[in-house]
There are 2 protein chains.
Amino acid sequence: MTGVRTQPKARAIADSVHRRIVDRIWRPGDQIPHEAELAVEFGASRATVNKAMQLLADQGLIERRRKAGTRVAINPAVRATLSIPVVREQVEANGQDYHHVVLERIEAIPPREVLDRMGAGDARMVRLQTLHLADDLPFAFEDRWVNPGGAAGLAEADFTGISVNEWLVRYFPYSRGLLEVGSESASPRDARILRVDAGTSLLVLHRTTWNGDVPITDVRVAHAPGYRMRTAF
Amino acid sequence: MTGVRTQPKARAIADSVHRRIVDRIWRPGDQIPHEAELAVEFGASRATVNKAMQLLADQGLIERRRKAGTRVAINPAVRATLSIPVVREQVEANGQDYHHVVLERIEAIPPREVLDRMGAGDARMVRLQTLHLADDLPFAFEDRWVNPGGAAGLAEADFTGISVNEWLVRYFPYSRGLLEVGSESASPRDARILRVDAGTSLLVLHRTTWNGDVPITDVRVAHAPGYRMRTAF
DNA sequence: GAGTGGTCTAGACCACGCT
DNA sequence: GCGTGGTCTAGACCACTCG
């Protein structure tokens with residue numbers, strides 16, 4: 001035997017239980033043994049078994065309730081974690097050259113829709129439109145509103161060397177956010193900027209972040225055709 | 001004071017550290033105190049501090065390495081967990097009536113592309129096309145290949161009362177899967193089935209699941225216009 | 001009321017990876 | 001080498017919720 005990396009015990013237990021469910025030894029809706037019992041079976045402490053079971057519960061594979069015990073989930077939802085890095089890193093991870101262009105930078109009161117999403121009253125904010133390019137081809141068009149009250153130094157910041165995207169992520173960690181993923185037909189503006197035909201189908205990400213109750217930014221990112229988000233689960 | 005739910009200590013510690021990062025007391029790239037030190041500061045055991053820090057590391061907010069210690073992440077990626085329930089539950093959660101129609105059920109050898117994704121050699125599989133409806137309006141069009149070798153009882157199963165989607169999820173837990181989210185223009189077939197114009201922009205989810213190395217199913221779900229995936233992070 | 005999971009502690013040993 | 005995080009244990013108390 002060579003190179004068999006030892007696996008944490010909790011992980012091994014989780015895998016064992018997972019396998020029993022997959023192998024239909026324990027079927028959806030079935031109750032499975034309680035932690036103390038599993039601890040004895042696997043020769044582990046209850047804490048370790050608990051950690052293992054929480055892993056499975058986080059995946060949605062089992063459902064746990066005090067007193068009622070643990071059951072195999074009936075209709076487990078697919079739970080997949082999307083990781084969305086800064087655009088520059090996405091491009092570079094693809095082996096392409098990245099650069100970006102600031103198309104517009106103005107100060108104004110955002111449209112109702114944006115204010116509503118941010119939960120803000122009428123307030124002047126900064127609108128920054130950026131085109132991200134990969135090997136000089138349009139990769140994503142970003143249309144962003146930033147609350148100056150949530151990002152000190154915004155007015156003085158220079159976004160030629162670093163994109164707003166990266167500047168915000170790096171200097172203004174948020175405490176919570178919302179993400180919407182949808183599909184939209186390219187508007188004439190999208191089309192012109194991304195250099196595609198109007199009406200082309202685009203993957204659009206919409207993201208809003210807050211620091212406590214203070215809105216930081218609201219951004220719509222329209223990706224060039226062909227872009228897909230991928231994740232394993 | 002009323003109704004202030006007690007919070008797990010690990011969570012409270014994680015929130016405190018999160019706040020210090022958000023408040024720029026600890027900035028991106030900074031090293032933060034090691035676990036033993038935090039344990040003393042928060043009056044907790046090291047195990048509890050470890051749990052708290054793992055929560056933050058899972059969110060991508062901090063990066064931890066043995067010996068090197070813990071640092072605030074420089075360009076933290078947005079990490080959001082998507083939960084994708086069975087289609088019926090999505091529709092019903094929306095307060096709408098659900099039903100589905102099986103459009104086609106044949107046995108054949110899938111196209112190269114599908115076989116490649118599943119990592120399967122030439123093998124006969126079952127193709128099931130299903131239209132999911134919400135209040136009698138098209139909600140999603142599902143085009144699925146199922147490996148009979150991975151789903152015993154498939155040939156005998158009746159999908160009028162329960163959709164393949166739900167049948168598989170309920171009776172055949174997978175061990176791993178891949179998810180791709182993209183945007184596509186409605187093909188003539190998509191358009192006819194979803195009752196939209198050809199070329200309409202559709203959100204398309206592509207999912208493949210395995211049980212160990214045995215492919216179970218490969219499915220493309222095209223959603224009716226307007227559908228969005230939402231998640232908080 | 002009582003059984004089950006949720007959480008915490010103090011202590012321990014180990015694996016990794018800087019230096 | 002050696003400091004730091006990764007993991008495990010045995011024991012304990014608590015919170016929730018089912019019956």
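All values derive from a computational prediction rather than experimental measurement. Reminder, nothing fancy here: chain letters follow the sequence lines and each chain counts from 1.
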In sequence, state the C-alpha distance, the side-chain angles, and the governing distance for A/H206 and A/R117, and then conclude on side-chain hydrogen bond (donor to acceptor under 3.5 Å, both in side chains).
-> CA-CA 10 Å; A/H206 221 122; A/R117 262 199 306 273; 2.9 Å; yes
Exam field: side chain B/S175 to backbone B/W210, donor-acceptor pair closer than 3.5 Å = yes
Using atom CD of B/E63 as one end and atom P of C/dC18 as the other, report the distance to the nearest whole Å.
-> 13 Å
Grab the CD-P distance between A/Q54 and C/dG5 for me, whole Å please.
-> 11 Å
Most 5' of B/A47 and B/P33 on DNA chain D, judged by nearest nucleotide = B/P33
For A/A10, answer base if it contacts any base atom (sugar-phosphate contacts may also be present), sugar-phosphate if it contacts only those atoms, and nothing otherwise; contact means non-hydrogen atoms under 4.0 Å.
-> sugar-phosphate
Rounded distance (Å) that lies between atom P of D/dC14 and atom NZ of B/K9 = 14 Å
If you look at every strand shown and take non-hydrogen atoms under 4.0 Å, does A/A44 touch a base, only sugar-phosphate, or nothing?
-> sugar-phosphate
Looking only at side-chain atoms of A/K67, point me to the closest of D/dC8, C/dC18, C/dA2.
-> C/dA2
Output yes when at least one side-chain N/O atom of A/Q7 is less than 4.0 Å from OP1 or OP2 of D/dT7, else no.
-> no
For A/E37 and C/dG5, what is the distance between atoms CD and P respectively, to the nearest whole Å?
-> 10 Å
base_contact_polar (D/dG6 base, B/R65 side chain, donor-acceptor, <3.5 Å) | no
Between C/dG5 atom P and A/L55 atom CG, what is the distance in whole Å?
-> 16 Å
Starting at CE of A/M53 and ending at C1' of C/dT7, how long is that distance when rounded to a whole Å?
-> 17 Å
Return yes if some donor-acceptor pair links the side-chain N/O of B/Q90 with the main-chain N/O of B/P85 below 3.5 Å, else return no.
-> yes
Is the distance from OP1 or OP2 of D/dG6 to the nearest side-chain N or O of B/R64 less than 4.0 Å?
-> yes
Atom CG of B/N50 and atom P of D/dT7: how far apart are they, to the nearest Å?
-> 8 Å
So which one's nearest nucleotide on DNA chain D is more toward 5', A/R66 or B/R66?
-> B/R66
Are A/Y227 and A/F139 close enough that their ring centers fall under 6.0 Å?
-> yes
Whole-Å distance, A/E35 CD to D/dC13 C1', equals 15 Å
A/T70 side chain near C/dT4 phosphate (N/O to OP1/OP2, under 4.0 Å) | no
Tell me whether the OP1 or OP2 atom of D/dT7 has a side-chain N or O from A/T48 closer than 4.0 Å.
-> no
Heavy-atom count around B/R11 CZ within 6.0 Å, excluding the residue itself: above 12?
-> no
Does the base of D/dG6 carry an N or O that pairs as donor and acceptor with the side chain of A/R11 under 3.5 Å?
-> no
